S.K.: 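One structure, pasted below without further comment.
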Amino acid sequence: MSKNILIFDTTLRDGEQSPGASLTVNEKIIIAEQLAKLGVDIIEAGFPIASNGDFEAVKSIAQIVDGPVICGLARAMDVDIDRCWEAVKYAKKPRIHTFIATSAIHRDEKLRKSKEEVIAYAVRAVKRAKSYCDDVEFSPEDAGRTSLEYMCDVVRAVIKAGATTINIPDTVGYTEPEEFGGRIKTLFENVPEAQNVVISVHCHNDLGNAVANSLAAVKQGATQVECCINGIGERAGNASLEEIVMNLKTRKDYFNVNTNINTRELYKTSRLVSSLTGLYLSRNKAIVGQNAFAHEAGIHQHGVLQSKATYEIMNAEDVGWSGENIVIGKHSGKHAITALLEEEGYTLTLEQSNQVTEKVKELADKNKSIERDDILAIAMDVLGQLSEKEQRIKLEGFIVTTGNGMIPTASVKLLIDGEEKIGAGVGDGPIDALSNAVWTIIDPSVKLEEYNLKAITGGTDALADVSIKLRDANGKIFSGRAVNEDVIKAGVMAIINGLNRVMNASQLSSKKSS
Ligand code: KIV
Ligand code: ZN
């Protein structure tokens, strides 16, 4: 009989560590609910000690999301483990995941601890976690660069202390597939008790090997894979969930394993994560990229028309890619719009559905034909809106003047914590002028790092989708996003959305009064 491979999703923890991917608590809940629909076995919902926001997100997901095990991360320290338990204890199936670095370089340079001390910390942490819950995972961080002998010693000790899952991370994405698979093989050969626990792997993509390394480990007996939707994560990211799952499914003849994933939910989960994090996919991204199932070359098109199997190894429908573009107009009701959004994996409150419907009708009234992508963009805009309390900066109005042979100029009126501020600026173009006007009012230590403009559908009346990245004085990246039929308004609203996120996280101060 085929074995089952557990899919441990860490999009909300390691994935959220991607620069600029920071998500609000609400956004994390929306993603977690979709992950549950997708059928992941474990959701790593966050790192509760890291911030109050992380704690709240893990706690809310533990309270709300049903189905998967809800896991929180904790360093091998009492305070971390206690805080982690406070957040995950609400889940029907809670897990504490604790870790400590084991490679020589991390032990010597980062921890300044001997091998024996590191083992003592690991054992103590597992025992403390175990005093709270049965399901305890342990990771020897940077296992990929840890001597095999010492890695086995650590694993033996933590299994004895009660760990039920042992995760072998290639933290810096250094290993090659055969080597990483070999590491798992050696672990099973040298630590017989590893047969009684779940052996997991967690691979980073610095050399582009994350998926291949994870699959090599499955081939050697690993039964849990840690991965992220769209392969997001620290630096070059983590192993991509959709690629792992579709490898295991498409090449069942080779791996002979199953997963609990409903692959038809992959495409919509990918879009949801991409929209909420502002981390867009390249068109040729495997499985979920826009071109993943497109055939351009005539010879390929001809072959596919004769028989799909000539050039397609998977069915687009199996990953939930429908490719349709339904047309919704001003006569479409809330039900049609909500049904479409539900089908795409968006769970909206009644108020949010009303807002989306209202905006869709407003656009349709302007004689625009509305396509599926317009509705999804509007829904993302509504979902990404901050609560009234979080909107400390509000756009009161703006004027932009531009023309051939003129220097674009702009003035803007903002309400910051209820106080009216006016700024004026010039720039290379209208959006640059408006952004400069905003920065005459805002703390200059916050920098605009990235500005991306996308037209949702074709035509001069296309909705403009603007996503931006800001860097605060501490180097932390925040994203902002807005959708509007007016490209300039979408730009300034995206900047304000991002500034509010910075302001909520720190105490962004206004520079001067008008
Ligand atoms: O990459 C890593 O080592 C991690 C651990 C915390 C598992 O993310
Ligand atoms: Zn990691």
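These numbers were taken from a predicted model, which means no experiment stands behind them. We count ligands from 1, going down the list as the structure has it; atoms in each ligand are counted the same way.
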S.K.: What protein heavy atom sits nearest atom 4 (C) of ligand 1, and how far off is it?
M.R.: H202 NE2, 3.5 Å
S.K.: By number and element, which atoms of ligand 1 are closer than 4.0 Å to a non-hydrogen atom of H204?
M.R.: 1 (O)
S.K.: Please report the shortest heavy-atom distance between Q224 and S200, naming the atom on each side.
M.R.: NE2-OG, 3.0 Å
S.K.: Salt bridge check, R481 against D465: does any charged N sit closer than 4.0 Å to a carboxylate O?
M.R.: yes
S.K.: Can you figure out which of T10, T171, N238 has its heavy atom closest to atom 3 (O) of ligand 1?
M.R.: T171
S.K.: Carefully, step by step, assess V25 and K28 under the rule side-chain contact (heavy atoms from CB on, under 4.5 Å).
M.R.: CA-CA 5 Å; V25 173; K28 287 187 186 177; 5.7 Å; no
S.K.: Counting from 1, what ligand 1 atoms have a heavy atom of S139 closer than 4.0 Å?
M.R.: 7 (C)
S.K.: Check ligand 1 against D14 and write out every atom of the ligand that is under 4.0 Å from a heavy-atom position of the residue.
M.R.: 8 (O)
S.K.: I'd like the atom name of the N/O/S atom in D14 lying closest to the Zn ion (ligand 2).
M.R.: OD2
S.K.: With backbone taken as N, CA, C and O and side chain as the heavy atoms from C-beta onward, which portion of R13 lies under 4.0 Å from ligand 1: side chain, backbone, both, or neither?
M.R.: side chain
S.K.: Restricting to N, O or S atoms, which atom of H204 is closest to the Zn ion (ligand 2)?
M.R.: NE2
S.K.: Set out, in order, the CA-CA distance, both residues' side-chain angles and the distance that settles side-chain contact (heavy atoms from CB on, under 4.5 Å) for H204 and D170, then state yes or no.
M.R.: CA-CA 6 Å; H204 280 267; D170 183 14; 5.9 Å; no
S.K.: Measure from NZ or CZ of R107 to the centre of the six-membered ring of Y150 and say whether it is under 6.0 Å with the direction within 45° of the ring axis.
M.R.: yes
S.K.: Evaluate the ring planes of F8 and H97, with Trp represented by its six-membered ring, and classify them as parallel (under 30°), tilted (30 to 60°) or perpendicular (over 60°).
M.R.: perpendicular
S.K.: Which of the atoms in ligand 1, numbered in the order shown and given with their element, are less than 4.0 Å from a heavy-atom of E141?
M.R.: 3 (O)
S.K.: Applying salt bridge (Lys or Arg N to Asp or Glu O under 4.0 Å) to E450 and K469, what does each step give before you reach the verdict?
M.R.: CA-CA 5 Å; E450 234 180 88; K469 300 251 185 280; 5.0 Å; no
